[in-house]
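Please read the structure below before turning to the comments.
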Amino acid sequence: MSETVKCDILSHFDDGQPLVFFVNGKKVIECQPDPQCTLSTYLRERLRLCGTKVGCAEGGCGACTVMISRIERSGGRVHNLAINACLMPVCALHGMAITTVEGIGSTRTRLHPVQERIAKAHGSQCGFCTPGMVMTMYALLRNSPVPSMKQLDVALQGNLCRCTGYRPIIEGYKTFTKEFGTVQNGTCAMGDKCCKNKLTNGEACKQEFVNELFESSEFKPYDPSQEPIFPPELKLFSSLDEKSLVFRSSNVTWYRPVKLDHLLALKKLYPEAKIVVGNTEIGIETKFKYMEYPVLISPTHIEELNSIEKTDRGLRVGASVSLTELERVLSEEIASNAEHETRLYRAIVDMLQWFAGAQIRNVASVGGNIMTGSPISDLNPIFNAAGIE
């Protein structure tokens, strides 16, 4: 490719734009962001927000969970997503808002109800996983102020704890759900599996179960109207979303095109460039396999790749659409159409419940899952069996 053509392609990208995002309501401007730096590293080492812990560093334990918020320009909807900061490239956060555990409450001011309830329910022992648990529950409440027990269960799929056995965590957070209050105090959380319903040495257990973990009446009520709002600057001005950007370090260049033509031109210019959406695969390869990718391309702002369109033949899904968004749209189709028309959609939704944790599904893309070609396959067997094009 001639230098003239190369310059013409790169002229579409703003090479002097600093990285701009918000952390706990405060604007952050990074003039020389490192494309290899993850959000967890940036929070801990640059901003000294060390409440975000790093456990496995590969998106499995959830200790590094934070909430990212971005606005959907077409509909004005704000998406609040729990994500793994250990995998999220900081360069991918341009124009977004991040909330960490330090941004919702503290012992020096006042605890947020999510923090208070996990503490009073004895849901924290070593405390290492606690910030991640807190932020997962916080993100759930920002989307569903009164969630169901199923939503709670799904939300915490990506958070691991080796100390508490989960019962006090679930018992404390159950108080936020629709189901809480419909069950009388003194009912065992094990339901039909309670020891009272089993035979021990030939006789039913006579002991009555009493929940002495906490007194729920002492909890502060949760008021969603008191939560911080999405930064008005990001809501009112779309300039941070409209430009094709490039961020450079000494050995890696990060491109964020906003048009499909720009992406195709970049791939022609750099055939070996890696396309990054959720970074759930490349992030692990660079960390643990020491693989190097000099050129990274983020397609998260290309409309054609991030939308789901309904057609006469079904749904046309963009390659960068997240698994969470895919599940949301499929669930809406299932609810509004006949069962025989949505069997494939039901199979996909059912399978997604076994796909990693919610933090991964919130960022992992449909196209990325296909291209990874993992031995565990995930979506690929369903797509092959259904003849999806």
Side-chain angles (χ1 to χ4, degrees), residues 10 12-24 26-59 63-70 81 83-100 102-103 234 239-241 243-258 262-263 266-267 269-270 272-301 320 359-360 363-365 368:
L10 298 183
H12 295 294
F13 291 84
D14 188 341
D15 208 343
Q17 174 75 35
L19 178 66
V20 179
F21 56 96
F22 283 73
V23 177
N24 298 332
K26 297 180 180 179
K27 190 174 184 178
V28 176
I29 300 176
E30 181 63 45
C31 294
Q32 294 182 318
D34 181 358
Q36 293 177 293
C37 180
T38 62
L39 176 58
S40 60
T41 298
Y42 193 89
L43 290 173
R44 294 176 60 82
E45 298 183 6
R46 291 297 300 272
L47 301 183
R48 298 301 180 187
L49 296 174
C50 298
T52 301
K53 308 303 181 186
V54 178
C56 66
E58 58 181 355
C64 65
T65 300
V66 299
M67 186 183 80
I68 63 170
S69 303
R70 58 181 176 81
L81 302 171
I83 60 100
N84 291 306
C86 70
L87 290 178
M88 177 62 68
V90 71
C91 287
L93 296 169
H94 188 73
M96 298 187 190
I98 298 94
T99 305
T100 72
E102 292 94 341
L234 297 181
S239 57
L240 297 180
D241 299 332
K243 293 182 179 179
S244 292
L245 303 175
V246 56
F247 299 121
R248 305 177 188 274
S249 68
S250 58
N251 54 352
V252 177
T253 302
W254 174 283
Y255 291 97
R256 192 202 74 177
V258 294
H262 296 174
L263 171 62
L266 282 175
K267 278 297 288 181
L269 179 61
Y270 304 111
E272 301 301 318
K274 287 291 184 178
I275 297 179
V276 181
V277 181
N279 202 42
T280 58
E281 185 73 17
I282 293 174
I284 294 174
E285 290 177 347
T286 55
K287 281 184 182 181
F288 300 107
K289 299 180 181 180
Y290 304 106
M291 301 181 75
E292 297 182 354
Y293 300 116
V295 179
L296 300 174
I297 304 174
S298 172
T300 56
H301 285 62
S320 295
Q359 292 94 324
I360 294 293
V363 296
S365 65

To the nearest 0.5 Å, what is the distance between [atom1] ([X]) and [atom2] ([Y])?
| X | Y | atom1 | atom2 | answer |
| --- | --- | --- | --- | --- |
| K27 | L234 | NZ | CG | 8.0 Å |
| I29 | F22 | CD1 | CZ | 8.5 Å |
| L296 | I282 | CG | CD1 | 6.5 Å |
| I98 | N24 | CD1 | CG | 9.0 Å |
| K274 | M291 | NZ | CE | 6.5 Å |
| L245 | C91 | CG | SG | 9.5 Å |

Would you call [X] and [Y] a side-chain contact if the rule is heavy atoms closer than 4.5 Å?
| X | Y | answer |
| --- | --- | --- |
| I83 | L39 | yes |
| H301 | D241 | yes |
| N251 | Q36 | yes |
| L43 | V90 | no |
| V28 | Y42 | yes |
| L240 | Q17 | yes |
| E58 | K287 | no |
| L81 | V363 | no |

Please confirm whether the backbone N or O of [Y] pairs with a side-chain atom of [X], one donor and one acceptor, at under 3.5 Å?
| X | Y | result |
| --- | --- | --- |
| R256 | K243 | yes |
| E102 | C50 | yes |
| T253 | V295 | no |
| E281 | G368 | no |
| K267 | A273 | yes |

Minimum heavy-atom distance between [X] and [Y], given as atom pair plus value:
| X | Y | value |
| --- | --- | --- |
| A57 | F288 | O-CE1, 3.7 Å |
| P18 | F247 | C-CE2, 4.0 Å |
| P299 | S320 | CG-OG, 3.3 Å |
| T99 | V66 | O-CB, 3.5 Å |
| T280 | I284 | O-CD1, 3.2 Å |
| S40 | C86 | OG-CA, 3.3 Å |

Inset, instruction - Could you please spell out the steps behind the side-chain contact (heavy atoms from CB on, under 4.5 Å) verdict for N279 and T286? - result: CA-CA 10 Å; N279 202 42; T286 55; 5.8 Å; no
Inset, instruction - Provide the full list of salt bridge (Lys or Arg N to Asp or Glu O under 4.0 Å) pairs with a residue in residues 32-48, sequence neighbours left out, each pair given once. - result: E30-R46
Legend entry - Within residues 289-299 or reaching into it, pairs that qualify as side chain to side chain donor-acceptor pair (under 3.5 Å) - sequence neighbours excluded: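 Counting only pairs at least two positions apart or across chains, the side chain to side chain donor-acceptor pair (under 3.5 Å) contacts touching residues 289-299 are E285-Y293, S298-T300.
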